[in-house]
Amino acid sequence: MAATEDILMAFEEVKGKLGFGLMRLPQKDGAIDVEQTKRMVDMFMEAGFNYFDTAWAYTGSEDAIRQALVERYPRESFVLASKNAAWIECKTREDAVAQLDATLERSGAGYIDYYLLHNLGGPRTKPFDDFGMWDFVKDMKAQGKIRHYGFSAHATAEEVDEILTNHPDMEFVQLQINYADWESPLIQARRCYEVARKHNVPIIVMEPVKGGLLATPPESVAKILKDAEPDMSVASWAVRYAADLDGVAVVLSGMSNVEQMENNLSYMKGFDHLTDAEKKTLKEASDTLASIDIVPCTSCEYCAKVCPKAIGISGSFTALNMVSLYGNKEFAAGQLGWLVDMQGRVRADKCIKCGKCEDACPQHIPIRAELDKVVATFGPSA
């Protein structure tokens with residue numbers, strides 16, 4: 001394995017490990033609040049950070065960062081990442097490659113420092129293969145439209161390994177990593193991280209606070225963290241956990257207001273590593289989180305192979321568990337849509353109670369009864 005400092009050379013122009021994620025910018029009157037975004041950009045830059053992360057698919061984000069950053073700061077003073085989602089609304093290669101031109105026009109940045117093939121995994125990977133996007137990013141780098149290229153993935157460790165094996169020129173990978181998902185059989189954060197380390201590629205971390213859920217974890221978990229460091233926010237533990245990992249170049253935080261920016265800067269400015277005591281506290285918090293009573297689904301998908309109605313069983317249980325763990329039904333409902341609807345699966349209310357899933361389940365989960373809880377929690381499908 002290459003030394004950490006060697007594999008991070010592609011990120012040598014990035015200042016600090018905190019990246020400003022532009023997916024959840026502040027809103028005002030149904031649109032992005034550009035004035036508040038400007039204040040947040042100024043705070044971020046003044047604190048010595050310079051990595052900004054947007055995407056073609058983040059509605060209004062590229063235009064907002066043009067106004068808040070690109071038109072107000074010298075181009076060499078910041079680095080900008082954006083993404084290509086060839087699996088969204090693209091029927092031809094021309095549709096897919098046009099996303100970069102749209103990004104350059106919206107952002108006004110002239111070039112993109114870090115360009116990602118966006119959200120690979122499952123059926124979303126195929127369009128990038130079909131449209132030759134791997135060669136496209138090489139060509140765009142040669143033309144100077146992008147400076148570095150990589151990909152982001154919500155995928156299994158096996159899929160990440162296959163992608164990096166087939167495309168060893170990838171300069172970095174963006175993965176979902178946080179202490180709640182570290183041993184998750186669905187997210188596979190640890191296993192995906194270890195694959196990236198095996199291939200010696202720098203890692204950008206997304207979702208370190210799990211979409212904000214680790215800012216408000218169960219009370220038993222929050223108490224452990226607050227007792228250890230009363231003056232630190234609960235969310236800070238999640239970001240620092242990811243930033244402490246070897247091979248991580250940037251940890252993205254999708255900040256939505258000035259207060260979140262202030263909080264992140266307060267502990268990430270000058271961050272080096274977690275202490276042994278802090279690591280011990282995080283282990284205790286993680287173990288406590290893992291001990292909370294949830295559906296013990298490991299996402300092995302044996303049930304999916306025998307279900308005659310193609311019910312999205314594991315995705316339904318992941319959403320139900322999010323309600324149990326975090327009490328955030330709105331967020332969990334969004335995850336249900338992503339893990340079931342967007343994957344071409346069927347909602348739990350279509351279950352015909354045949355029981356084939358329970359015969360196949362190695363965890364002996366009473367699947368039919370748990371699916372009834374899913375329906376009771378989220379309601380029937382539309």
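Counting non-hydrogen atoms of neighbouring residues, nucleotides and ligands closer than 6.0 angstrom, the CD atom of Q143 exceeds 12 such neighbours. K226 NZ: more than 12 foreign heavy atoms inside a 6.0 Å radius. Remark: D293 CG is loosely packed, at most 12 non-hydrogen atoms of other residues, nucleotides or ligands lying under 6.0 Å away. Open room surrounds NZ on K91; 12 or fewer heavy atoms of other groups in view lie less than 6.0 Å from it. For CD of E259, the number of neighbouring non-hydrogen atoms (other residues, nucleotides, ligands) closer than 6.0 Å is greater than 12. Counting heavy-atom neighbours within 6.0 Å of K15 NZ, excluding the residue itself, gives a total of 12 or less.
Under a 3.5 Å cut-off, the side chain of Q363 and the backbone N or O of C297 do not form any donor-acceptor pair. The closest donor-acceptor contact from the side chain of T281 to the backbone of A277 lies under 3.5 Å. S256 places no side-chain N or O within donor-acceptor distance of the main-chain N or O of P26, the cut-off being under 3.5 Å. Proximity of a side-chain donor or acceptor of R191 to a complementary backbone N or O of Q188 within less than 3.5 Å is not detected. Side-chain N or O atoms of Q36 include none that pairs as donor or acceptor with a backbone N or O of N257 at under 3.5 Å. Judged by distance alone, the side chain of N328 and the main-chain N or O of V323 form no donor-acceptor pair under 3.5 Å. At least one donor-acceptor pair under 3.5 Å links the side chain of Q99 to the backbone N or O of A85. Under a 3.5 Å cut-off, the side chain of E358 and the backbone N or O of I365 do not form any donor-acceptor pair. Proximity of a side-chain donor or acceptor of D349 to a complementary backbone N or O of G379 within less than 3.5 Å is not detected. Panel note: side chain E278, backbone T275; a donor-acceptor pair is recorded below 3.5 Å.
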Could you go step by step and tell me if D341 and R345 meet the salt bridge (Lys or Arg N to Asp or Glu O under 4.0 Å) rule?
CA-CA 6 Å; D341 304 337; R345 309 299 291 182; over 6 Å; no
Could you go through the salt bridge (Lys or Arg N to Asp or Glu O under 4.0 Å) check for K38 and E35 one step at a time?
CA-CA 5 Å; K38 288 179 180 178; E35 292 308 311; 3.3 Å; yes
Given salt bridge (Lys or Arg N to Asp or Glu O under 4.0 Å), test R93 with D130 step by step and report yes or no.
CA-CA 8 Å; R93 172 183 167 86; D130 292 346; over 6 Å; no
Determine, stepwise, if the pair Q176 / D181 fulfils side chain to side chain donor-acceptor pair (under 3.5 Å).
CA-CA 8 Å; Q176 178 172 330; D181 290 328; 2.9 Å; yes
Does the salt bridge (Lys or Arg N to Asp or Glu O under 4.0 Å) test come out yes or no for E284 and K279, once each step is laid out?
CA-CA 9 Å; E284 183 182 358; K279 292 178 182 178; over 6 Å; no
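Using cut-offs of 30° and 60° for the angle between ring planes, the W182 and Y193 rings count as tilted.
Between F11 and F172, the gap from one ring centroid to the other is short of 6.0 Å. Aromatic rings of F151 and F128 (six-membered ring for Trp) have centroids beyond the 6.0 Å cut-off, not under it.
Partner of S253 under the side-chain contact (heavy atoms from CB on, under 4.5 Å) criterion, chosen from V205, N263, L18: L18.
Between L225 and M232, every side-chain heavy-atom pair lies at or beyond the 4.5 Å cut-off. A heavy-atom distance below 4.5 Å is not found between the side chains of V340 and I313. For the pair D33 and Q27, the minimum side-chain heavy-atom distance is 4.5 Å or more.
Using modelled atom types and a 3.5 Å distance limit, the side chains of S152 and N119 yield no donor-acceptor pair. Looking at S220 and T288, their side chains never bring a donor and an acceptor atom within 3.5 Å of each other. E301 and S314 form a side-chain donor-acceptor contact under 3.5 Å, judged by distance and modelled atom types alone. A donor and an acceptor atom, one from each side chain of H273 and D244, are located under 3.5 Å apart. Judged by distance alone, the side chains of N84 and Y115 do bring a donor and an acceptor atom under 3.5 Å apart. Side-chain contact, N50 with Y73: no donor N or O sits under 3.5 Å from an acceptor N or O. N166 and W134 are not linked by any side-chain donor-acceptor pair at a separation below 3.5 angstrom, with hydrogens and angles left out of the test.
Transitive grouping of hydrophobic side chains (ILVMFWY, heavy atoms separated by less than 4.5 Å) keeps V14 and Y111 in distinct clusters. L186 and F378 end up in different hydrophobic clusters when Ile, Leu, Val, Met, Phe, Trp and Tyr side chains are linked at under 4.5 Å. A continuous path of ILVMFWY side-chain contacts below 4.5 Å connects Y326 to V234, so both sit in one hydrophobic cluster. Linking Ile, Leu, Val, Met, Phe, Trp and Tyr whenever their side-chain heavy atoms come within less than 4.5 Å leaves F20 and Y58 in two separate clusters. Residues M45 and M268 share a single hydrophobic cluster, defined by chaining ILVMFWY side chains whose heavy atoms lie under 4.5 Å apart.
Take Y51 and apply the ring pair (Phe, Tyr, Trp, His ring centres under 6.0 Å) test, not counting sequence neighbours, and it matches Y114.
Annotation: salt bridge (charged side-chain N to carboxylate O under 4.0 Å, His left out) contacts involving residues 96-117, sequence neighbours excluded, comprise E62-R106, R75-D113, D101-K145, D113-R147.
A salt bridge links R190 with E194: the distance from a Lys NZ or Arg NE/NH1/NH2 to an Asp or Glu carboxylate oxygen falls below 4.0 Å. The pair R66-D63 counts as a salt bridge, with a side-chain nitrogen and a carboxylate oxygen less than 4.0 angstrom apart.
Heavy-atom minimum distance, A155 versus L120: CB-O, 3.8 Å. Here the closest non-hydrogen pair linking K83 and T54 is NZ-O, 2.8 Å.
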